[in-house]
Amino acid sequence: MTKTESAKPTNFIHQIIEQDIRNNVNGGKVVTRFPPEPNGYLHIGHAKSICLNFGTAQKYGGQCNLRFDDTNPEKESQEYIDSIVEDVRWLGFEWAGDICYTSSYFDQLYDYALHLIREGKAYVDDLSAHEMREYRGTLTEPGRNSPYRDRSVEENLALFEKMKNGELSEGAAALRARIDMASPNMNMRDPVIYRIRHAHHHQSGDKWCIYPSYDFAHGQSDAIEGVTHSICTLEFEDHRPLYEWLIENLPVPAVPKQYEFARLNLNYTVTSKRKLKALVEEGFVQGWDDPRMPTISGLRRRGYTPASIRNFCEMIGVTRSNGIVDMAMLESAIREDLDASAPRAMCVTRPLKVTITNFPEGEEEWFDLPAHPKDESMGSRRVSFGRNLLIEQEDFEEVAPRKWKRLATGDAVRLRGCYVIRCEEVIKDASGQIIELKCTYDPATKGANPEGYKANGVIHWVNSDRSVPCEVRLYDRLFTEANPDGDKEQDFQSFINPESLVVLSDARVEPGLEGAAAESRFQFERMGYFSVDKDSTADKLIFNRTVTLRDSWAKIQAGS
RNA sequence: AGGGGUAUCGCCAAGCGGUAAGGCAACGGGUUUUGAUCCCGUCAUGCGGAGGUUCGAAUCCUCCUACCCCUGCCA
């Protein structure tokens with residue numbers, strides 16, 4: 001995409017950027033960055049930020065960096081870095097140059113800290129974390145100056161040196177910016193900018209035992225990288241004055257500007273790293289990539305496409321107002337994509353035996369069916385018809401309800417792409433359970449409407465003797481409450497949907513799907529969109545339900 | 001009288017002083033060998049509330065209300 005393709009600004013950030021370009025701010029250049037902390041897996045909320053940052057750079061012919069904001073080694077790990085890199089790539093974005101790390105600027109950041117000390121704008125504070133909290137004041141009362149606030153530059157330099165050399169224990173001292181303890185903005189009440197952590201860092205190893213805080217590292221890293229528009233979420237709004245104060249008081253090579261947008265909230269799920277982590281660690285789901293998780297890797301395993309997620313992000317827009325997006329929008333995005341791109345197939349998830357009594361034993365007939373009803377370029381597939389078939393249990397009722405378009409005793413129904421059959425007899429076991437249907441087929445209905453009668457509707461089916469056994473995992477929303485973390489009394493975990501996963505191990509799919517590759521996607525006609533799970537093997541095919549088809553029959557049923 | 005934000009249809013969201021886009025959902029109807037897709041139609045005399053300015057206000061002003069964020073040596 002080039003800048004000539006940008007018709008009009010699609011959100012307020014693009015408006016600002018276009019104004020900047022008109023005014024030749026930054027020479028008309030646009031540089032953004034996606035700055036995750038590698039302390040968890042990326043989720044759908046990050047996807048919004050990724051699409052915004054990378055998409056904006058793309059749209060205005062600029063560049064976007066992938067920068068790991070790795071200033072807190074104790075919470076971070078290489079595992080998270082690897083997963084984030086993979087997820088960003090999978091979403092279809094490429095960063096400019098090499099992957100960046102805030103940790104590779106630690107030397108420069110240290111020099112900036114020295115600069116602040118020499119200017120009398122930072123000091124080493126010996127107050128404990130607890131004492132510091134007391135001195136900070138409250139939302140309505142100003143804070144008090146630390147007794148160490150007026151140390152000399154020399155003393156501060158010496159003390160900071162000791163911090164750096166590991167001569168002080170964790171918590172014994174911290175470097176603070178010297179701003180204003182009476183500021184109504186808490187972030188300006190002498191924020192800590194360097195703290196002691198005798199910890200091994202996943203990138204810088206054991207070189208440092210002091211680490212810059214987010215506030216001190218972020219803006220300066222933006223400046224070092226030449227970021228022009230530093231886009232973050234609303235909760236950092238109050239940090240902007242500090243961001244600007246540091247940029248103004250430091251000899252940085254550029255002047256980046258921070259802009260904030262509302263983070264994404266989706267109903268029937270949670271999007272907080274802490275809560276997602278809890279779901280994984282406490283075993284409510286099977287991992288970060290569990291198909292019920294709103295993580296990128298979870299959505300991927302569920303069968304979502306990168307394009308559908310990008311479209312979803314486009315759909316929801318970018319604003320400064322906090323809202324909760326309906327899950328139906330995400331589902332709409334994946335249905336739209338998969339309807340056009342997924343080949344069709346038939347899968348009987350809960351089989352009911354059907355015997356075609358007038359079809360000879362041991363014989364079969366093959367049918368050529370289009371892989372897609374509207375897209376001939378997708379070719380065709382072969383399905384086998386025979387005496388022993390399987391249909392969906394829910395497609396048969398002994399007595400047809402009103403508006404029933406499926407099979408019922410004595411009635412006829414079309415087998416999708418095949419013949420019309422009629423149910424002649426219902427076989428039950430001792431407990432009254434229906435175990436088999438004896439049917440006849442009408443040989444005259446191959447590609448033709450029946451003569452003298454009408455078929456109820458169309459149902460899917462497989463040839464029992466030719467179908468491939470498989471496991472089908474039916475996924476549904478993870479929570480039963482639209483806003484699972486909105487209840488003050490009840491923990492979000494108590495709202496977990498017990499039916500968020502239903503495993504059907506007795507399913508059968510049409511023969512062409514034998515050996516289907518992991519992550520390949522299909523529409524199982526009348527059932528929904530499914531994707532081959534990554535744990536699927538030649539011996540055991542596993543399909544994950546991505547999303548159901550829109551179901552107007554379910555609405556009719558619910559209404560009556 | 002702590003500071004910073006946000007309020008437009010059930011949900012998301014355009015709108016930037018000239019008379020309320022679009023998407024999702026919902027609801028009608030048509031096509032259909034997927035109760036899918038597709039197509040057609042309906043869906044805010046109203047923009048959190050009250051005043052004011054103006055020929056004209058969702059857009060400007062005043063006051064009010066509701067909700068969100070901020071008292072980590074987390075990001």
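Computed from heavy atoms alone, side chains included, the values below leave out hydrogens, waters and symmetry copies. Chain letters run A, B, ... following the sequence lines, proteins first and then strands; every chain starts at 1.
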Heavy atoms only, 4.0 Å cut-off, all strands: where does A:G447 land among base, sugar-phosphate and nothing? base
- [ ] For A:R344, report the nucleic acid contact type (base, sugar-phosphate, nothing); a contact means any heavy atom under 4.0 Å.
- [x] base
request  = Step through it carefully: locate the ring centre of A:Y41, locate the ring centre of A:Y80, and say whether they are under 6.0 Å apart.
outcome  = yes
When A:R416, A:R344, A:H460 are each screened for side-chain hydrogen bond (donor to acceptor under 3.5 Å, both in side chains) with A:E525, the one that passes is A:R416
Here the distance between atom C1' of B:rG72 and atom CZ of A:R176, to the nearest Å, is 12 Å
To the nearest angstrom, the CZ-P distance between A:R144 and B:rU71 comes to 19 Å
Please give the distance between the C1' atoms of B:rG28 and B:rC43 as a whole number of Å. 11 Å
>> Rounding to an integer number of angstrom, what distance separates B:rU37 and B:rA25 when you compare their P atoms?
In response: 9 Å
**OP:** Give one of base, sugar-phosphate or nothing for A:R240, where a contact means two heavy atoms less than 4.0 Å apart.
**Re:** nothing
chi for B:rG29 classified (syn = within 90 degrees of 0, anti otherwise) as anti
Answer for the Watson-Crick or wobble partner of B:rC24, both distances under 3.5 Å, is B:rG10
Original post:
Taking side chain as C-beta onward, heavy atoms only, is A:V270 less than 4.5 Å from A:L276?
Top reply: yes
Problem - Under 3.5 Å donor-acceptor pair, A:E141 side-chain atoms to B:rU71 base atoms - result: no
ask   = Expressed in whole Å, how much space separates the C1' atoms belonging to B:rC61 and B:rC40?
value = 46 Å
A:I179 atom CD1 is separated from B:rG3 atom C1', nearest whole Å, by 15 Å
For atom NZ of A:K275, is the number of surrounding heavy atoms from other residues, nucleotides or ligands below 6.0 Å larger than 12? yes
Tell me whether the rings of A:F522 and A:F524 are parallel (<30°), tilted (30 to 60°) or perpendicular (>60°).
parallel
The nucleotide from B:rC70, B:rA36, B:rU6 with an atom nearest the side chain of A:S321 is B:rU6
Do the ring planes of A:F479 and A:F492 sit parallel (below 30°), tilted (30 to 60°) or perpendicular (above 60°)? tilted
In Watson-Crick or G-U wobble terms, with both distances under 3.5 Å, the base opposite B:rC63 is B:rG49
Across every strand shown, the nucleotide meeting Watson-Crick or G-U wobble geometry with B:rC43 (both distances under 3.5 Å) is none
Across every strand shown, the nucleotide meeting Watson-Crick or G-U wobble geometry with B:rG72 (both distances under 3.5 Å) is none
Shorter than 3.5 Å, N or O on both sides, protein versus nucleotides 73-75 of chain B: list them out with atom names.
from, atom 1, to, atom 2, distance (Å)
B:rC73, OP1, A:R136, NH2, 3.3
B:rC73, OP2, A:R136, NH1, 3.1
B:rC73, O2', A:R197, NH2, 2.6
B:rC73, N4, A:L127, O, 2.8
B:rC73, N4, A:G171, O, 2.8
B:rC74, OP1, A:R197, NH2, 2.8
B:rC74, OP2, A:R195, NE, 3.0
B:rC74, OP2, A:R195, NH2, 3.0
B:rC74, OP2, A:R197, NH2, 3.1
B:rC74, O3', A:R195, NH2, 2.9
B:rC74, O2', A:N72, ND2, 2.9
B:rA75, OP1, A:T71, OG1, 2.6
B:rA75, OP1, A:R195, NH1, 3.2
B:rA75, OP1, A:R195, NH2, 2.7
B:rA75, OP2, A:Y214, N, 2.9
B:rA75, O3', A:D69, OD2, 3.1
B:rA75, N6, A:H239, NE2, 3.2

**Item:** Whether A:D375 side chain and A:S341 backbone form a donor-acceptor pair below 3.5 Å
**Value:** no
Sugar-phosphate only, base, or nothing, as touched by A:I316 at under 4.0 Å among non-hydrogen atoms: sugar-phosphate
A:L234 CG to B:rC69 P, in whole Å, measures 10 Å
| field | B:rC11 versus B:rG5 - spacing of their P atoms, nearest Å | value | 25 Å
| task | For A:T138, answer base if it contacts any base atom (sugar-phosphate contacts may also be present), sugar-phosphate if it contacts only those atoms, and nothing otherwise; contact means non-hydrogen atoms under 4.0 Å. | result | base
_Could you tell me how far B:rC12 sits from B:rU45 if I compare only their C1' atoms? Round to whole Å._
24 Å
When you look at CD of A:E167, are more than 12 heavy atoms from neighbouring residues, nucleotides or ligands closer to it than 6.0 Å? yes
RNA chain B nearest-nucleotide lookup for A:M527 and A:G317: closer to the 5′ end is A:G317
### Query
Any side-chain heavy atom of A:V192 sitting closer than 4.5 Å to one from A:M132?
yes
Item to complete: Would you please classify the geometry between the A:F160 ring and the A:Y194 ring as parallel, tilted or perpendicular, with 30° and 60° separating the classes?
Response: perpendicular
A:D190 CG to B:rC70 P, in whole Å, measures 21 Å
Item to check | C1' spacing across the pair B:rC60 / B:rG15, given as an integer number of angstrom | outcome: 16 Å
Quiz item: Counting only side-chain N and O atoms of A:Q15, is one of them less than 4.0 Å from OP1 or OP2 of B:rG15?
Solution: yes
For A:R22, the side-chain contact (heavy atoms from CB on, under 4.5 Å) test, sequence neighbours excluded, returns A:E18, A:Q19
| said: Tell me whether the side-chain N/O atoms of A:S552 come closer than 4.0 Å to OP1 or OP2 in B:rA36. | reply: yes
Identify each atom pair where a protein N or O and an N or O of nucleotides 24-28 of chain B are less than 3.5 Å apart, giving names and distance.
from, atom 1, to, atom 2, distance (Å)
B:rA25, OP1, A:R550, NE, 3.2
B:rA25, OP1, A:R550, NH2, 3.1
B:rA26, OP1, A:K555, NZ, 3.0
B:rA26, OP2, A:K555, NZ, 3.4

RNA chain B nearest-nucleotide lookup for A:P373 and A:T10: closer to the 5′ end is A:T10
Check your understanding: Strictly by modelled atom types, are A:E260 and A:Q258 linked by a side-chain donor-acceptor pair under 3.5 Å?
Key -> yes
In whole angstroms, the gap separating P of B:rU33 from NZ of A:K374 amounts to 13 Å
- request: Please state the C1' separation for the pair B:rA57 and B:rA50 - nearest whole angstrom.
  value: 15 Å
A:R189 atom CZ is separated from B:rG2 atom P, nearest whole Å, by 13 Å
In whole Å, what separates the P atom of B:rA58 from that of B:rG49? 11 Å
From the candidates B:rG35, B:rA13, B:rC70, the one with an atom nearest any side-chain atom of A:R526 is B:rG35
Margin query: What contact category does A:T445 fall into here, base, sugar-phosphate, or nothing, at under 4.0 angstrom with non-hydrogen atoms?
Written below: base
Within the 4.0 Å heavy-atom criterion, would you say A:I324 contacts the bases, only the backbone, or no part of the nucleic acid? sugar-phosphate
Under 4.0 Å, counting only non-hydrogen atoms across every strand here, what does A:D238 touch: a base, just sugar-phosphate, or nothing?
base
Of the candidates B:rU34, B:rG4, B:rG3, the side chain of A:P184 sits closest to B:rG3
The Watson-Crick or G-U wobble partner of B:rC38, with both key distances under 3.5 Å, is B:rG30
Requested in this report: Would you check if the distance from the ring center of A:F530 to the ring center of A:F543 is below 6.0 Å?
Outcome: no
